[in-house]
Amino acid sequence: MLVLGIETSCDETALALLDSERGVLGQRLHSQVDMHVAYGGVVPELASRDHVRHVLPLLDQVLDEAGEKLTAIDAIAVTAGPGLAGALLVGVSIGHALGYALRRPVVDVHHLEGHLLSPLLARPAPEFPFIALLVSGGHTQLLHVAGYGDYRLLGETLDDAAGEAFDKTAQLLGLGYPGGPAVSRIAEFGIAGALKLPRPMISSGNLDFSFSGLKTAVLTAVRRLGGGNLCEQSRADIALEFVQAMADVLASKATRALEETGLKTLVVAGGVSANTQLRTRLCDEVAARGAKVFFPPIELCTDNAVMIALAGLASVRRHSGSLAPRSRQSLGFSVRPRWPLAQAVSSQN
Ligand code: KG4
Ligand code: ZN
């Protein structure tokens, strides 16, 4: 089965063709970073317009790369939420229009389900059941994953997401947008122990997170060490301590989830899972407990369409081929900018 994945939930226009037997046949991604950088963050209206400009040319490129025709597509998987409403509408309207034109089923995919399943594209791949640590720009969650479509929330952030904390720290350090990779890069030059930041909720006794206090602590440290005149070394020291605080909290909660559930497999996904320091830390902690940790291939940590096609394929299989092709009787579609994962999965099952 050949599935076309479409992702336009935020600032990446991405398309991919995934074949159930042959794997990824083609993928294309256009990042809008250069356009948003001047504003220090994503401007929703600009994002939507840019998706409109790129989505169809990228579809042609993906088909070319795969050596396939449009009519070879068996199903279409598109991110329907959560995300920016206008940006989501571009992908969803294209996906549903294609489904109607080709008379193929269209699956509305939850963006986080895509991230959650992306470590299955690693080789070797993890086996169910596992604990998933989802660390993206908008979410930080720990989930018990028993199988495709069988997800139970164990804990989540009460305020900022991990990626959001990276981005805000980058802003405070004058590193601009997108922040995660920049903070991670300069942390390499930091001196360990030069300052101390809090590890919020590390001893809370549950699996929830909170990162807004960490951001405030970074702000206080920046002011104390020089404010606008912060020297390069202090900047690197703050970045290193921030990354270590983040890694301490995430590693502690993830290993706690393994212990509480008795599971021996952790998967880590979402943009922050590209972070080298975090990867190393989690590998060490998890191995010390006789368990295994899996990450998506590095290029599939951040937003992409392969993970959306994979989640769509899983959903089509759950329906064992009973999904109806788009037809004149069912032309409606909608996006869900706010969409709890549990709700998405129960409506698919
Ligand atoms: O999953 P993602 O691409 O988009 C969302 O669904 O939100 O995650 C984006 C987030 C951003 O906050 C970005 O700063 C962070 O992931 N990120 C990183 C790294 N690469 C991306 N954070 C830390 N280290 C990185 N190497
Ligand atoms: Zn994402």
Side-chain angles (χ1 to χ4, degrees), residues 7 9-10 12 79-83 109-122 125-126 128-167 178 180 200-201 206-211 246-247 249-258 260-261 263 265-275 278-279 281-283 285-286 291-308 310-311 314 336-345 348:
E7 158 64 40
S9 68
C10 189
E12 260 108 20
T79 305
V109 172
H110 192 288
H111 182 79
L112 284 189
E113 187 179 18
H115 277 303
L116 172 66
L117 298 178
S118 62
L120 295 170
L121 296 157
F128 297 118
F130 52 70
I131 295 295
L133 172 64
L134 269 180
V135 273
S136 72
H139 295 82
T140 301
Q141 298 188 337
L142 273 164
L143 296 133
H144 179 285
V145 179
Y148 289 110
D150 193 346
Y151 318 128
R152 185 161 53 87
L153 185 66
L154 302 175
E156 65 184 331
T157 184
L158 305 179
D159 40 56
D160 292 355
E164 199 177 350
F166 264 96
D167 294 337
M201 289 186 73
N206 62 19
L207 297 172
D208 288 333
F209 306 85
S210 164
F211 295 116
M246 202 48 127
V249 173
L250 294 173
S252 152
K253 300 278 176 170
T255 51
R256 186 186 177 103
L258 289 173
E260 282 186 6
T261 56
L263 294 185
T265 309
L266 173 71
V267 314
V268 191
V272 180
S273 68
N275 185 275
L278 178 65
R279 282 184 171 225
R281 182 63 191 282
L282 283 168
C283 285
E285 294 265 339
V286 169
K292 285 188 184 157
V293 59
F294 295 83
F295 301 90
I298 201 92
E299 70 282 5
L300 299 182
C301 287
T302 43
D303 292 349
N304 65 85
V306 177
M307 67 183 195
I308 303 304
L310 179 67
R336 298 171 183 85
R338 291 180 182 278
W339 193 17
L341 180 59
Q343 221 177 60
V345 173
Q348 278 176 17

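Quick note: residue numbers are just sequence positions, from 1. Since the model is a prediction, treat every value here as computed from it, not as a measurement.
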With rounding to the nearest 0.5 angstrom, report the [atom1] to [atom2] distance, [X] to [Y].
X      : Y      : atom1 : atom2 : result
Thr79  : His111 : OG1   : NE2   : 6.5 Å
Glu260 : Thr255 : CD    : OG1   : 10.0 Å
Cys301 : Met307 : SG    : CE    : 10.0 Å
Asn304 : Glu12  : CG    : CD    : 9.0 Å
Leu310 : Leu120 : CG    : CG    : 6.0 Å

Taking all heavy atoms of [X] and all of [Y], pick out the closest pair and write down the distance.
X      : Y      : value
Cys283 : Phe295 : SG-CE1, 3.8 Å
Ala274 : Ile298 : O-CD1, 3.7 Å
Leu258 : Thr265 : CD2-O, 3.6 Å
Leu154 : Ala257 : CD1-CB, 4.3 Å
Ala311 : Leu117 : CA-CD1, 3.8 Å
Leu207 : Lys253 : CD2-O, 3.4 Å

Show, in sequence, the C-alpha distance, side-chain angles and deciding distance for His144 and Leu263, and conclude whether the side chain to side chain contact (heavy atoms under 4.5 Å, CB included) test is met. CA-CA 9 Å; His144 179 285; Leu263 294 185; 3.7 Å; yes
Flag side-chain contact, heavy atom, 4.5 Å: [X] against [Y]:
X      : Y      : value
Pro82  : Pro337 : no
Val272 : Met246 : no
Leu341 : Glu113 : yes
Met201 : Asp208 : yes
Asn275 : Phe166 : yes
Pro129 : Val145 : no
Leu112 : Gln141 : yes
Leu250 : Val268 : no

With sequence neighbours left out, the residues meeting side chain to side chain contact (heavy atoms under 4.5 Å, CB included) with Thr157 are Thr140, Asp159, Phe209, Phe211
Side chain to side chain contact (heavy atoms under 4.5 Å, CB included) filter on Asp167, not counting sequence neighbours, yields none
Across all chains, not counting sequence neighbours, the side-chain hydrogen bond (donor to acceptor under 3.5 Å, both in side chains) partners of Arg281 are Asp248, Glu285
| request: Classify the angle between the aromatic ring planes of Trp339 and His110 as parallel (below 30°), tilted (30 to 60°) or perpendicular (above 60°). | output: tilted
Worked check of side chain to side chain contact (heavy atoms under 4.5 Å, CB included) between Val286 and Phe294: CA-CA 10 Å; Val286 169; Phe294 295 83; over 6 Å; no
The side chain to side chain contact (heavy atoms under 4.5 Å, CB included) partner of His115 among Asp303, Ile308, Leu300, Val267 is Asp303
